[in-house]
Asker: 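Just passing along the structure, written as structure tokens.
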Amino acid sequence: MIDTSLAVAQAIESESRRWNLILTDEDNHVLESESGDIVSMTHSIETSENGIVIGDLITQNVNLVLRRRNYSGKFNLDPGTTFYMKYMLHGRPGSVPMGKFTIISATKEKTQIKINAKDFFSSLDLTGEYSSELPYPVPIEAVVEEICESLGIKFNFYEPLMILTDHTTDEYEKTYDAAGSQLFVFSDRMMYPEVGPLSEKTIGEALRACAAYMGVILAQDRNGNLTCLRPSKVPVEISPSRAADPDFSVERVKITKLECKVDDNTTLTAEVSSQQEKDRTIKFSCSIMTQAQLDLIFDYYKNFSYYPALIDYKLGDPRLDILDIIKYSSTYESGTYSMPILSMNYNFDGGLSCTLQSTANEKEKGGAANG
């Protein structure tokens with residue numbers, strides 16, 4: 001979950017708020033909902049495997065409707081054009097960035113212009129042949145940097161610094177300096193052992209193999225860079241007054257095994273036993289995986305459990321990130337439940353709502369992260 005100023009956070013969490021959706025193209029031309037330029041927008045963010053699969057890709061899709069009579073022609077709508085999208089709150093300083101998107105198509109109708117745009121994964125050629133000129137063995141981040149350089153994108157190596165919440169063993173909180181700024185550190189993937197050459201054939205397969213070796217999922221961050229994510233350990237609680245009663249499973253699922261295919265003859269596993277909850281095995285592929293590395297990854301995922309749910313978040317919060325942990329409750333069931341966000345669907349028409357979903361998809365038991 002992205003941090004904002006206190007004023008913005010208070011406005012987002014208020015019962016009455018007024019949003020301004022802002023698009024800025026490569027030439028700094030701007031479209032705003034507050035000016036009547038933008039009629040509506042839908043924005044979906046989801047894991048491509050519809051579950052938690054190490055080495056997976058998180059993809060984003062944006063559909064916009066513009067008011068044609070307001071369109072001056074300055075904002076570039078040509079396919080391949082990129083723009084940044086953000087939210088601002090009326091009368092409040094600060095903004096919430098949502099990312100960088102590439103226009104796939106723009107259709108002019110009688111009174112409207114309909115735009116489809118996607119994150120950079122849609123505009124990158126991940127099917128091209130993978131090759132490397134690195135002097136192996138090298139750190140895994142060097143492999144990722146070489147791939148990103150060939151694709152013309154940047155890789156974000158920083159992660160928030162987290163500390164255990166007092167009197168807990170598995171809940172974490174963000175850290176801040178004396179001025180109130182959130183602290184970030186180099187990711188622990190910088191400490192991984194050096195690796196040899198990848199045997200993957202395509203750029204996409206190689207990128208996923210690197211992510212799998214680090215035990216993460218790939219995504220475009222809010223600044224348009226490549227980043228790596230894992231399910232958060234910092235829960236975000238949704239008030240029942242801001243959401244409809246959730247549809248959810250009363251059966252908790254738990255990750256108790258990782259299974260990594262190295263090649264046709266080698267499959268590595270890491271697991272714990274579980275007797276009370278519904279077990280899940282995450283299956284994925286990585287040609288450079290070692291047992292020691294898989295065990296290290298499993299330390300993060302083992303016994304990770306949740307209740308799959310679909311939550312209609314009437315007062316949507318754009319600060320949420322996919323793989324954030326949501327705490328929620330139900331009118332019909334006692335207690336508090338939690339889930340990782342595996343898909344998010346924002347709807348904007350002046351107000352902002354969002355559906356949040358987590359599944360217990362079968363691919364978590366048998367799916368593989370292929371290129």
Side-chain angles (χ1 to χ4, degrees), residues 1-3 45-49 51-60 97-100 119-121 124 126 130 138-162 172 174 182-195 198 200 203-234 255 258 260 282 284-290 293-294 296-301 304 320-325 340-344 364 367-371:
M1 183 175 186
I2 190 174
D3 278 320
I45 312 169
E46 57 191 2
T47 57
S48 65
E49 296 285 355
I52 300 175
V53 177
I54 294 169
D56 192 14
L57 302 180
I58 292 170
T59 58
Q60 301 189 49
M98 298 303 292
K100 182 180 180 181
D119 62 16
F120 60 44
F121 285 121
L124 300 177
L126 300 182
Y130 171 68
V138 296
I140 188 66
E141 62 265 27
V143 183
V144 180
E145 283 184 325
E146 184 188 45
I147 295 172
C148 288
E149 184 177 353
S150 71
L151 294 171
I153 58 176
K154 294 181 180 180
F155 185 45
N156 179 11
F157 283 104
Y158 288 91
E159 291 182 348
L161 177 61
M162 318 300 291
Y172 290 75
K174 299 172 183 177
Q182 187 180 355
L183 297 177
F184 288 79
V185 294
F186 275 109
S187 166
D188 57 8
R189 59 180 173 264
M190 301 286 287
M191 302 173 61
Y192 291 160
E194 292 186 330
V195 299
L198 277 63
E200 278 67 21
I203 294 173
E205 289 173 349
L207 200 54
R208 284 181 176 230
C210 291
Y213 184 79
M214 295 185 286
V216 298
I217 297 173
L218 297 172
Q220 175 185 278
D221 69 14
R222 293 172 183 262
N223 296 314
N225 299 322
L226 181 69
T227 193
C228 295
L229 302 174
R230 294 174 294 188
S232 172
K233 291 191 175 181
V234 182
I255 296 171
L258 300 185
C260 178
I282 299 178
F284 61 103
S285 302
C286 178
S287 65
I288 54 175
M289 185 61 68
T290 65
Q293 182 59 21
L294 188 66
L296 179 63
I297 295 169
F298 190 51
D299 282 342
Y300 190 90
Y301 285 92
F304 178 79
L320 290 175
D321 288 311
I322 199 159
L323 296 185
D324 277 350
I325 299 297
I341 302 174
L342 299 180
S343 72
M344 309 171 66
E364 289 179 30
N370 300 318

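Values reported hereafter were calculated over all heavy atoms of this structure, with side chains retained and with hydrogens, waters and symmetry mates removed.
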Asker: Can you tell if the side chain of Ile140 reaches within under 4.5 Å of the side chain of Glu194, non-hydrogen atoms only?
Answerer: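 SC-SC contact between Ile140 and Glu194 ruled out.
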Asker: Which value, rounded to the nearest 0.5 Å, describes the distance between Asp119 atom CG and Ile45 atom CD1?
Answerer: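 So the CG of Asp119 and the CD1 of Ile45 are separated by 9.0 Å.
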Asker: Minimum heavy-atom separation for Tyr130 to Val143, with atom names?
Answerer: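 In terms of heavy atoms, the two residues are closest at OH-CG1, 3.8 Å.
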Asker: Say you draw a straight line from OG1 of Thr47 to CD1 of Ile341; how long is it, rounded to the nearest 0.5 Å?
Answerer: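 One finds 11.5 Å between OG1 of Thr47 and CD1 of Ile341.
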Asker: I need the Met214 CE to Arg230 CZ distance, nearest 0.5 Å.
Answerer: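 It is 10.0 Å, given to the nearest 0.5 Å.
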Asker: Looking at every non-hydrogen atom in both residues, tell me the closest pair between Ile147 and Cys210 and how far apart they are.
Answerer: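 Smallest interatomic distance, heavy atoms only, reads CD1-SG, 4.3 Å.
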Asker: Kindly indicate whether the side chain of Ile153, heavy atoms from C-beta on, has any atom under 4.5 Å from the side chain of Cys148.
Answerer: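 In short, these two side chains touch, coming nearer than 4.5 Å.
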Asker: With side chain to side chain contact (heavy atoms under 4.5 Å, CB included) as the criterion, how do Thr59 and Glu46 come out once you've worked through the C-alpha distance, each side chain's angles and the decisive distance to 0.1 Å?
Answerer: CA-CA 6 Å; Thr59 58; Glu46 57 191 2; 4.2 Å; yes
Asker: If we only count heavy atoms from C-beta on, is the Pro193 to Tyr213 side-chain gap below 4.5 Å?
Answerer: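 Yes, side chains in contact.
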Asker: Show the nearest heavy-atom pair for residues Asn225 and Phe120, with the distance to one decimal.
Answerer: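 Shortest heavy-atom separation between Asn225 and Phe120 comes out as C-CE2, 3.7 Å.
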Asker: Between Phe304 and Ile325, does the side chain to side chain contact (heavy atoms under 4.5 Å, CB included) criterion hold? Intermediate values first, please.
Answerer: CA-CA 11 Å; Phe304 178 79; Ile325 299 297; 3.6 Å; yes
Asker: Looking at Gly215, is its backbone amide N or carbonyl O close enough to the side chain of Tyr301 to form a donor-acceptor pair, meaning the two atoms are under 3.5 Å apart?
Answerer: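 Flag set: sc Tyr301 to bb Gly215 pair under 3.5 Å.
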Asker: Once rounded to the nearest 0.5 Å, what's the spacing between atom CD1 of Ile52 and atom CZ of Phe284?
Answerer: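 Rounded to the nearest 0.5 Å, the CD1-CZ separation comes out at 13.0 Å.
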Asker: Heavy atoms only: give me the nearest Gly55-Ala211 pair and the separation to one decimal.
Answerer: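 Result for this residue pair: CA-CB, 4.0 Å.
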Asker: Compare all side-chain heavy atoms of Asp321 with those of Arg222 and state whether any distance is below 4.5 angstrom.
Answerer: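 Yes, their side chains come closer than 4.5 Å.
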Asker: Taking all non-hydrogen atoms of both residues into account, name the closest pair between Val53 and Ile217 and its distance.
Answerer: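 Heavy atoms of Val53 and Ile217 come nearest at O-CG1, 3.6 Å.
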Asker: Within a strict 4.5 Å, meaning less than it, do heavy atoms of the Leu151 and Leu126 side chains meet?
Answerer: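 Answer yes - side chains close enough.
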Asker: Looking only at heavy atoms, which two atoms of Ala212 and Ile297 are closest? And how far apart?
Answerer: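 Looks like O-CD1, 3.4 Å.
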Asker: Please evaluate residues Glu146 and Val138 with respect to the criterion side chain to side chain contact (heavy atoms under 4.5 Å, CB included), reporting the C-alpha separation (whole Å), side-chain torsions for both, the decisive distance (0.1 Å), and the verdict.
Answerer: CA-CA 11 Å; Glu146 184 188 45; Val138 296; over 6 Å; no
Asker: Please check this pair: side chain of Gln220 against backbone of Phe121, looking for a donor-acceptor N/O pair closer than 3.5 Å.
Answerer: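 The answer is no, because no donor-acceptor pair under 3.5 Å joins these two groups.
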Asker: Are more than 12 heavy atoms from other residues, nucleotides or ligands located less than 6.0 Å from atom CD of Glu149?
Answerer: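 12 or below, so no.
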Asker: Find the distance between CE (Met98) and CD1 (Ile2) and round it off to the nearest 0.5 Å.
Answerer: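 Reported value, rounded in 0.5 Å steps: 9.0 Å.
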Asker: Taking it one step at a time, do Leu218 and Cys228 satisfy side chain to side chain contact (heavy atoms under 4.5 Å, CB included)?
Answerer: CA-CA 5 Å; Leu218 297 172; Cys228 295; 3.8 Å; yes
